[in-house]
There are 2 protein chains.
Amino acid sequence: MDQRNRAAMGGENLLFLTDEQLRKGIEAMFFAYRGFTADPDRILEQHGYGRAHHRALHFINRTHGTSVNNLLGLLGVTKQSLNRVLRTLINDGLVESRVGRNDRRERNLFLTHAGRELERALSEAQRERMRAAYRAAGPQAVAGFRQVLEAMMDDEIRTQYDTLKERRP
Amino acid sequence: MDQRNRAAMGGENLLFLTDEQLRKGIEAMFFAYRGFTADPDRILEQHGYGRAHHRALHFINRTHGTSVNNLLGLLGVTKQSLNRVLRTLINDGLVESRVGRNDRRERNLFLTHAGRELERALSEAQRERMRAAYRAAGPQAVAGFRQVLEAMMDDEIRTQYDTLKERRP
DNA sequence: ATTTTAAGTCAGCCTTGTTGACATTCCAAG
DNA sequence: CTTGGAATGTCAACAAGGCTGACTTAAAAT
């Protein structure tokens, strides 16, 4: 145990800040994320899509009529990278791109019926796992889970996350 | 709100199982994972490495002398994929591969001094963010965080995670 | 002696990220 | 009205890091 840990354990019960505890948290994050994506991945594979498509579908569904720029901010990828994914979704008839009303430079993105169906299947698979985890852990654990995750985000991202959270469509 | 949710809210306080709550959890996972990898990613970039290298360094450090096969199981990738990463780490003098003692078909993997240094820098950056999140959320939240993450893993993976957890090097 | 296992390698493919260059369209400021 | 800048789209090239399949070597197991 190094200096920092001895300091951290000073007065109170700060055992949860030892390097050992932090490392367990890191590994839990790594392994849990694998589970988190496993179920949608299986469905996506059947359609010849990848995670990038899932993410696009998710956020287009969340923020109906969003602009491409806004979507880029949420996804944290480049325009070109998103465009490739978006093009296939549009060509396959899962996403509709309409010229903006006020600003005709923008494109407003919507899911088609087929898009909503696939998004539903993907998110239901993901929710099912989350539901099982929540049920197993209980409400208090869930509150803690969310608190830690939110504290782990970059400030910029947390702002976007909060904005998303508050929206009531 | 659909059938399932009404059912879930039946007798007790199961508000945390609504689709809305689950969706928030899903988005929190997505955004938090970005933060989780952001700091090591910056360091890796300076060395011309990627996340795959980080993961390899992490688990070789965790399980000194592990075999390639064991590492494959932990990382969940193919031999060929790992081999590419491993080869560069060995060539760059961060990892040492020794012929197994008991079974000379196996290779036992170790970090060199330089390997330990990089691993230390990476994990310290990651721990620092985790530490800040833990501190902000508090011990009770941390316990819940871990409970939910562990419940989210595939059973097979959770076994590996537990095995890793119990080891005392 | 034969089969199986561990590791490594080569070749090729895919997804998804990156830069850079450039065209188009349109809004808004001068 | 003109011009500058913003939003979008497209093309090209590239890299990381997954994947499969085929094959070799060496050593262990049967």
Side-chain angles (χ1 to χ4, degrees), chain A residues 30 33-34 37-38 40-60 65-92 95-110, chain B residues 30 33-34 37-38 40-60 65-92 95-110:
Chain A
F30 172 67
Y33 201 80
R34 286 243 292 270
T37 56
D41 280 355
R42 272 186 283 272
I43 297 172
L44 288 160
E45 203 186 3
Q46 296 167 359
H47 294 254
Y49 293 136
R51 270 182 216 175
H53 300 85
H54 183 188
R55 294 195 284 262
L57 290 173
H58 176 95
F59 285 111
I60 293 171
T66 185
S67 72
V68 172
N69 245 3
N70 183 43
L71 203 52
L72 288 177
L74 288 167
L75 295 172
V77 298
T78 58
K79 179 178 58 167
Q80 294 89 330
S81 193
L82 172 60
N83 204 255
R84 181 169 32 200
V85 165
L86 219 43
R87 206 184 319 158
T88 72
L89 292 175
I90 291 170
N91 287 341
D92 294 355
V95 169
E96 194 189 342
S97 168
R98 297 184 208 150
V99 171
R101 290 193 167 196
N102 301 342
D103 188 339
R104 290 163 45 94
R105 288 169 302 183
E106 293 187 355
R107 299 292 179 279
N108 300 134
L109 302 171
F110 303 87
Chain B
F30 172 65
Y33 201 80
R34 287 244 290 272
T37 56
D41 280 355
R42 274 186 283 272
I43 298 172
L44 288 160
E45 203 185 2
Q46 295 167 359
H47 294 255
Y49 293 138
R51 271 182 216 174
H53 300 84
H54 183 187
R55 294 195 284 261
L57 289 172
H58 176 95
F59 286 111
I60 293 171
T66 185
S67 71
V68 172
N69 249 358
N70 184 42
L71 201 52
L72 287 178
L74 288 168
L75 295 172
V77 298
T78 59
K79 181 178 57 165
Q80 294 90 329
S81 194
L82 173 60
N83 205 256
R84 182 167 35 197
V85 165
L86 218 44
R87 208 183 316 162
T88 73
L89 291 175
I90 291 171
N91 287 341
D92 294 355
V95 168
E96 194 189 343
S97 168
R98 296 185 210 149
V99 170
R101 290 192 167 197
N102 301 342
D103 188 336
R104 292 168 41 94
R105 289 172 304 181
E106 292 188 355
R107 299 292 180 275
N108 299 136
L109 302 171
F110 302 88

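Note that the coordinates shown come from a computational prediction; the quantities given were computed from them, not determined experimentally. We name chains A, B, ... by the order of the sequence lines, and we start the count at 1 in each one.
- Between dA6(D) and Asn69(A), no contact under 4.0 Å exists linking OP1 or OP2 to a side-chain N or O.
- Rounded to whole angstrom, the span from the NZ atom of Lys79(A) across to the P atom of dG17(C) amounts to 16 Å.
- Between Tyr33(B) and Tyr33(A), the ring planes lie parallel to each other; the angle is under 30°, not in the 30° to 60° tilted range.
- Counting any heavy atom pair closer than 4.0 Å across all strands shown, Arg87(B) reaches sugar-phosphate atoms only and no base atom.
- Close to dT18(C), at under 4.0 Å from its OP1 or OP2, lies a side-chain N or O of Thr78(A).
- Below the 3.5 angstrom threshold, one finds a donor paired with an acceptor across the side chain of Arg84(B) and the base of dG18(D).
- Looking at heavy atoms from C-beta onward, Asp41(A) lies in side-chain contact with Leu44(A) at the 4.5 angstrom threshold.
- Contacts of Arg51(A) with the nucleic acid, taken as non-hydrogen atoms under 4.0 Å apart, involve only primed sugar atoms and P, OP1 or OP2.
- Atom CZ of Arg107(B) and atom P of dT5(C) are 18 Å apart (whole Å).
- Within 4.0 Å (heavy atoms only), Asn102(B) reaches sugar-phosphate atoms of the nucleic acid but no base atom.
- In this structure the side chain of Phe59(A) never reaches within 4.5 angstrom of the side chain of Thr66(A), judged on heavy atoms.
- For the OP1/OP2 pair of dG17(D) and a distance below 4.0 Å, the side-chain nitrogens and oxygens of His53(B) include at least one atom meeting the criterion.
- Atom-to-atom, CG of Leu109(B) to C1' of dA6(C) comes out at 12 Å; the value is rounded to the nearest Å.
- Rounded to whole angstrom, the span from the CG atom of Leu89(B) across to the P atom of dA16(D) amounts to 13 Å.
- Note: CD (Glu45(A)) to C1' (dT20(D)) measures 12 Å, nearest angstrom.
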>> For Tyr49(A) and Asp92(A): C-alpha separation, side-chain torsions, deciding distance, then whether side-chain contact (heavy atoms from CB on, under 4.5 Å) applies.
In response: CA-CA 11 Å; Tyr49(A) 293 136; Asp92(A) 294 355; 2.4 Å; yes
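- No side-chain heavy atom of Asn83(A) sits less than 4.5 Å from a side-chain heavy atom of Val68(A).
- Residue Val68(A) has its side chain nearest to dG9(D) when only dA28(D), dG9(D), dC26(C) are considered.
- Taking atom CG of residue Leu72(B) and atom C1' of nucleotide dC19(D), one finds them 14 Å apart after rounding to whole Å.
- With hydrogens and angles ignored, a donor-acceptor pair under 3.5 angstrom links the side chain of Gln80(A) to the base of dG20(C).
- Residue Ala52(B) has its side chain nearest to dG18(D) when only dA27(D), dT18(C), dG18(D) are considered.
- With hydrogens and angles ignored, a donor-acceptor pair closer than 3.5 Å exists between the side chain of Arg105(A) and the base of dA6(D).
- For Val85(A) and Glu106(B), each mapped to the nucleotide of DNA chain C holding its nearest heavy atom, the one lying further toward the 5' end belongs to Glu106(B).
- Leu57(A) has its CG atom 12 Å from the P atom of dT16(C), to the nearest Å.
- One can place CG of Asn83(B) at 15 Å from C1' of dT20(D), the figure rounded to the nearest angstrom.
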